[in-house]
Every structure is written in structure tokens, then in C-alpha cells.
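Please read the structure below before turning to the comments.
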Amino acid sequence: MRLSTIPLATLREDPADAEVPSHRLLARAGYIQKIAAGIYVYSPLMWRTLRKVSNIVREELEREGAHEILMPILQPKEIWEQSGRWARYLAEGLMFHMVDKRGSEVCLGPTHEEVVTTYIKRIIKSYKQLPINVYQIQDKFRDEIRPRFGLMRGREFLMKDAYSFDIDEAGLDASYRAMDRAYRRIFERCGLAFRAVEADSGAIGGSGSQEFMVLAETGEDAILYCEESGYAANVEKATSIITATPDGGAPKELEKHETPGIKTVDQLVQFFGMEAARMAKTVIYNATYADRVEPIAVMMRGDLEINEVKLCGIVDALAVGLADEETVKRVTGADVGFAGPIGLQGNVRLIADLTLEGATNLLTGCCETGYHCLNVNPGRDCPKPDYRDVRLARAGERSPDDKGALVETRGIEVGHIFKLGTKYSSAMDATFIAEDGKPTPFVMGCYGIGVSRTAASAVEQNHDDSGIVWPRPIAPFEVVVAILDAKRSEQVELGEKLYTELVAAGIDTCLDDRKMSPGAKFKDLDLLGFPLRVVVGRRAGEWMVEFSHRATGDKADILAAEVLDRVRT
RNA sequence: CGGGCAGUAGCGCAGUCUGGCUAGCGCACCAGCUUUGGGAGCUGGGGGUCGUGGGUUCGAAUCCCACCUGCCCGACCA
């Protein structure tokens, strides 16, 4: 490819709306152009990189026996009603949807469980045809609440999604492990530093899941890991071992104390001179279900934090969030800041963290403005709460296997693998005839990779002050041959010759034959980030060129005849 | 959806507070001459519904109202 022939406009200044390096650099180097919020054109160079990522994905999935298909973007409401997700996705405002000429409702696919389940169930009738794993690489559409960071969170983005169908859980385990292997090879081949972590399965549902995180400062997810044991999890999911809750002693008589204006744990520590670990804060949440919103009271040790993702899973809600002031007043009968397990109105569900199980003589709110209670003993003074793990794990705490301390880092989620089980196959009546002759729902798994996000995260992880430094396997071109002065025939001739030879040798090469000043060309090529650069300049007459590596900046004048060898090593 | 901010040339911005003449600057673009190894110089040139609609006024980029779009901070996900 000749750079002079492609639409390419690099910007000298950073785009005003770009915050993270990948967005800033991809936009400035002309790889992407924004058409609307979260919607981008991929330039020829960007598309080459996306195709390279896609091809690595294809090779590694096919190696594990998956087969590529292409499913429709436009999907009918009916199949989403079968799975029960139409209302949910609409309610969450996640889905682009519209009404066609006939009045039928359709959506732009945010994911493809419904389509693939429909597809497979009509074809696969017998256990003898299983297992099956199909995948596609295609644009997905999600009406994100806040698109941001360029390709990191778009409303239309390129994604690989794979779906496995198995006879039973053991089969699913094998399919899941195959995808785990494939994913590790994929991200390794892309040249990325990543970590696989335990994850919450969220909106997709299912039993187990793992996320693949590219490590980057700007990552939107926090992850905790243990160097000693290899434990790694998204903070949403992470558990830890912490110091035991201090013993409260034998239950004492309940006391009510006037605490005017005292609302926070810190203030209570001051006021009562009692350590925060012996307090239980009670937080009122609203849990949203398909048909209702229900308040929930959650008790947590005063020095610890509530993990809302865990809470959402425990109460099996679509979403949970802090209750508004009005709800708090209604549920507790008191101002915000005085909620407690005692005196909750109506039948509010009470959940307490495991760290509070067996704790005695706690300090809590007592649902009365201006008062707190001492020596609260759950089960005696209030209904016995449902003890569950709702605690947010934190760096510095012990890994759940007790082999070391947890360390926090940030990551970009580029892949996610799920064991779905029979959630969709049961709901959509997708069955096969098992060996015993009975109709049996498929045991499914689903496996996603954000292809465009992977490319962006590669930039996030590989750049310097001058621009992008593409990992070689996914660079738009491995080598650029740059003609410095297009007016000098010996430079043009040598550049053309080298370009032709490299291409003929199967090296992924482009020719920078653009007419621009040498300084501008150097800056531009640094910004574009091709791994290897061959400059045909003033020594072209002696068949000498400059060979350099973008990543290290190492440069050497070499004979033109040596270029091919250098590129191959 | 809540809170904050912003829309002026392809990009980055000034001008708006305090209304006034032909709406400016840098980059990019076009032409010519010079230059030619780290974003080159000079000269000339093209490009604008000042987000949209309404209002106030002799006069609106500037003041008022509504709407649209985008950005940033919070609940989602590949």
C-alpha cells in the first residue's frame, strides 16, 4: 500500500475531547474519525489492524474447533421475549430498537444469545451432533449511557462472540477450558500484557465467568490479585480474608443514646469512643426488579464497604442503587443517617455481611432521628439478618487462599468467558434428544472479545511521547519504507525497489511516498507507529538506507541488500 | 436520567462579560518562489447558516427563552 493513495490526515494537535492515550493517538494519527458519540469510521490503517486482531482470533478459535458464522444485526423482538430479556434491555436503555413498516419491533443486536440459540436448536437434534461451538466477528450495538474513551466504549463496536453447546456440565467445562486456552494465546499473540480474573457474570447471567484484562492505568476496572497464589479477581467479585471482628462479649442490655447530628461512622467513633469494627452501619438500597422496586437494608461492619455488585447478585435484582432520601425516610421512619436494623418499617429484607455473623453488642442506628443504639444483638433486638458476603475486598487484605496479600491494579476488559448453563436453552425451549431418549436443554457457554477495544488497549499499553508503538503482530504494517525526497530519482527508485522486494518476500510493507518535508515525515511516522522503518534518504545513491525500530529508537545505516534479512530477524 | 461545562472554517482556539463597521488567529488546504534528515521560509489565495428556532433591539456570535448536539463527574459492559 502506498500511503499517498489512502485517506490519511494526521493532526498536529490533540483532539479536544480525547482523554486517554489510545483515543488521543488514534484520533490524532487519523486511524479513527468520530461520526457521532461512540460511533467511528475506521481508516484503512485502522481496519488493517482490526483485521489482524480478527485473524489471530479466528486462528486460535478454529484451533479449538470453533466455526465462524455471521448472524444478523437486526433482530426481532419475538426471540428476545422468549429469553425474557426484551423488557430488561429496554428498561435499562441498553438497546437500540425501532419499529418497522409493518409495526414489528426490532433491535440492533447488542449480543446474540437469542439468535444463536434459535439457529442451533433448529439444526441440532441429537446428542450425537454435540458439542458445537460457533462464533462470529461483527459489529455490536449498545446504547451506552456514556460512550467514552474513543474505541474503548463505543455504541457500535467490533466484537467476536462465540457460543458453545454441550450435552452436560462436563462438556461445558471442556468447552470453557478450550476457550480459556484460546483466549490466552490470542492476547499473547497480540503482544499484550494481560491477566485472567474471576468475574461477576452480570447481565448475561450464568454460573462461572472469567474476564481477560489488559493491564493499563486508564482501565475502567479495578482488579485484585495475589502474587503468591495466582488468585486474581475483578473487585466486583473478589473475596478476601480480613482480621476478625472484635469480640463484643456476652450480650448486654440494649441502650438507646441521644446522638444529635451524628450521622457518619467517623462521628460515631468520636462520640462513643468505640472502634468502627464494632459498629454496624445500615444502608438502605433500592433493588429494581422487572415488575417492582423493593427497598433492602444492608448491615456492614463500620470500617468496611458494601460491594453493590455482590448485593445485586444476592437479591437477584436487575439493578441495585442507594435509596433516595424519601425511601430511606419511609423505610426507617427517620432522617438519613439513623438507619438501623431495629424498627425497620414493614417487611424490609435485612441482609448483613458475614463479618457480622455472631457479633454481639453492636453500635447501630435505631431508625429514630437523633438516636443510636448500643448493645444491639441481632436476633434478639431485631430480626435475624440473612448473613451473606456483601463486602468489598480491598488491597492489602489476605488472598482468599491465605497465601499472600492482595494487590490492586487496573485493567481494560477485552475478553469475557461465561458458563451460561441452560439459562437460554431452557427459556427458549432449545433441546436435543439425549442418550436416554429425553429432550434435554443445551448446556451453553458464551465467549466475547472486544476486537476494537483490544486494538485500542494495545495502544493504551504501547505508546510514547511521539505516538503509537504498535506490537508487531497487529500493526497495520510491519515495515514502512519511507522515501524522504520524492524529487530525487535515486531515492524514489531505491524506495520502490525495496518496497517491491519486501512485498514479494511476503513482508507486510507500506511505502511512504507522500510528498512532505523530512522532519514532518519523521514525526508523522512516529505518530503512526509502524514497528520497523526503512528511510531511503541522502545515501540512496550508495545503496545505503537507515533502518530503525519504533519501540527502541535504535537506528543503523545499512546496505539496501541487508534490509530483508534485518526485517526477518 | 441527575449534576457541571461547551457549541465560532477540516482541527485547535480568541472574540461573548461591557451588543456596533468587512468575525479573527494558529494548524491544515490551494498557487508561486526558496528550502530538503526531526512538524521549513516568504508572498498571495480559498474556505463561516457564529449549533437550531424564536424573542429583545435601530443593530445580536454577543442579551433572553426553548430545543438540539457534544464533553466531563456518578449507576453499565467487550
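Sequence lines set the chain letters: A, B, ... in the order given, protein chains first and strands last, and positions in each chain run from 1.
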Which letters describe nucleotides 8-16 of chain B, given B = protein heavy atom under 4.0 Å from base, S = only from sugar-phosphate, - = neither?
----SS---
Test side-chain contact (heavy atoms from CB on, under 4.5 Å) on A:Arg177 and A:Arg181; report intermediate values, then the result.
CA-CA 6 Å; A:Arg177 282 197 304 273; A:Arg181 288 195 297 272; 4.2 Å; yes
In whole angstrom, give me the gap between the [atom1] atoms of [N] and [M].
| N | M | atom1 | result |
| --- | --- | --- | --- |
| B:G32 | B:G70 | C1' | 41 Å |
| B:C21 | B:U36 | C1' | 45 Å |
| B:C33 | B:C71 | C1' | 44 Å |
| B:A14 | B:G55 | P | 30 Å |
| B:U69 | B:U52 | P | 15 Å |
| B:G15 | B:G20 | C1' | 14 Å |
| B:A28 | B:A40 | P | 8 Å |
| B:C17 | B:G7 | P | 14 Å |

Could you tell me how far apart [X] ([atom1]) and [N] ([atom2]) are, to the nearest whole angstrom?
| X | N | atom1 | atom2 | result |
| --- | --- | --- | --- | --- |
| A:Glu220 | B:A75 | CD | C1' | 13 Å |
| A:Tyr40 | B:G70 | OH | P | 11 Å |
| A:Leu494 | B:G37 | CG | P | 17 Å |
| A:Lys34 | B:U69 | NZ | C1' | 10 Å |
| A:Gln210 | B:A78 | CD | C1' | 15 Å |
| A:Gln136 | B:A78 | CD | P | 14 Å |
| A:Asp465 | B:G39 | CG | P | 16 Å |
| A:Arg153 | B:C72 | CZ | P | 12 Å |

5' precedence on RNA chain B between A:Ile449 and A:Lys487 (nearest-nucleotide basis):
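Counting from the 5' end, the first nearest nucleotide belongs to A:Lys487.
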Identify, between A:Met544 and A:Gly154, the residue whose nearest nucleotide on RNA chain B lies closer to the 5' end.
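Checking each residue's closest nucleotide, the 5'-ward one belongs to A:Met544.
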Hey, does [X] reach any base, or is it just sugar-phosphate, or nothing, if we go heavy atoms under 4.0 Å?
| X | answer |
| --- | --- |
| A:Ile145 | base |
| A:Glu19 | sugar-phosphate |
| A:Lys555 | base |
| A:Arg514 | nothing |
| A:Gly537 | base |

Counter-base of [N], judged by Watson-Crick or G-U geometry with both distances under 3.5 Å:
| N | result |
| --- | --- |
| B:C21 | none |
| B:U49 | none |
| B:A61 | none |
| B:C33 | B:G41 |
| B:G74 | B:C1 |
| B:U16 | none |
| B:A6 | B:U69 |

With stacking defined as ring centroids separated by under 5.5 Å and planes differing by under 30°, is A:Phe522 stacked against B:G37?
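It does not: the two rings, one from A:Phe522 and one from B:G37, miss the stacking criterion.
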Residues, nucleotides or ligands: over 12 heavy atoms within 6.0 Å of [X] [atom1]:
| X | atom1 | value |
| --- | --- | --- |
| A:Arg488 | CZ | no |
| A:Glu562 | CD | yes |
| A:Tyr119 | OH | no |

Report the distance from atom OH of A:Tyr31 to atom CZ of A:Arg48, rounding to the nearest 0.5 Å.
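The distance works out to 10.5 Å.
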So, taking the atom named CG in A:Leu525 and the one named CZ in A:Arg533, what distance separates them when rounded to the nearest 0.5 Å?
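Going from CG on A:Leu525 over to CZ on A:Arg533, the span is 6.5 Å.
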Please write out the pairs of protein N or O atoms and N or O atoms of nucleotides 40-42 of chain B separated by less than 3.5 Å, giving the distance to one decimal.
unit_1: B:A40; atom_1: OP1; unit_2: A:Ser517; atom_2: OG; d: 3.2

Of the nucleotides B:G37, B:G39, B:C77, which one has an atom closest to the side chain of A:Arg538?
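It is B:G37.
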I want to check one thing: is the phosphate of B:C73, taken as OP1 and OP2, less than 4.0 Å away from some side-chain N or O of A:Arg146?
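Yes.
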Any side-chain N or O of A:Arg148 under 4.0 Å from OP1/OP2 of B:C73?
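It does, given that an N or O in the side chain of A:Arg148 lies less than 4.0 Å from OP1 or OP2 of B:C73.
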What residues, two or more places apart in sequence or in another chain, satisfy side chain to side chain contact (heavy atoms under 4.5 Å, CB included) together with A:Arg2?
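With neighbours one apart ignored, the set is A:Ser4, A:Thr5, A:Glu496, A:Tyr499, A:Leu511, A:Asp513.
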Who are the side chain to side chain contact (heavy atoms under 4.5 Å, CB included) partners of A:Glu408, not counting sequence neighbours?
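Residues passing side chain to side chain contact (heavy atoms under 4.5 Å, CB included) with A:Glu408: A:Ala222, A:Leu224, A:Ala395, A:Arg410.
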Less than 3.5 Å apart, which donor and acceptor atoms pair up between the side chains of residues 156-163 of chain A and the rest of the protein, not counting sequence neighbours?
unit_1: A:Lys160; atom_1: NZ; unit_2: A:Tyr183; atom_2: OH; d: 2.7
unit_1: A:Lys160; atom_1: NZ; unit_2: A:Tyr447; atom_2: O; d: 2.9
unit_1: A:Asp161; atom_1: OD1; unit_2: A:Gln136; atom_2: NE2; d: 3.4
unit_1: A:Asp161; atom_1: OD1; unit_2: A:Lys140; atom_2: NZ; d: 3.0
unit_1: A:Asp161; atom_1: OD2; unit_2: A:Gln136; atom_2: NE2; d: 3.2
unit_1: A:Asp161; atom_1: OD2; unit_2: A:Lys140; atom_2: NZ; d: 3.0
unit_1: A:Asp161; atom_1: OD2; unit_2: A:Tyr163; atom_2: OH; d: 2.5
unit_1: A:Tyr163; atom_1: OH; unit_2: A:His112; atom_2: N; d: 3.1

Can you name the residues that form a side chain to side chain donor-acceptor pair (under 3.5 Å) with A:Glu413, not counting sequence neighbours?
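Scan of A:Glu413 (side chain to side chain donor-acceptor pair (under 3.5 Å), adjacent residues dropped) gives A:His416.
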What about A:Arg142, does its side chain sit under 3.5 Å from the base of B:C76 through a donor-acceptor pair?
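Looking at the base of B:C76, it does not pair with any donor or acceptor on the side chain of A:Arg142 (distance under 3.5 Å).
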Counting distance only, does the side-chain N/O of A:Arg155 pair as donor-acceptor with the main-chain N or O of A:Asp143 below 3.5 Å?
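The answer is no, because no donor-acceptor pair under 3.5 Å joins these two groups.
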Under a 4.0 Å N-O cut-off, is there an ion pair linking A:Arg184 with A:Glu188?
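No.
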Residue pair A:Tyr424, A:Arg85: steps toward the side-chain hydrogen bond (donor to acceptor under 3.5 Å, both in side chains) verdict:
CA-CA 10 Å; A:Tyr424 294 90; A:Arg85 289 206 295 182; 2.8 Å; yes
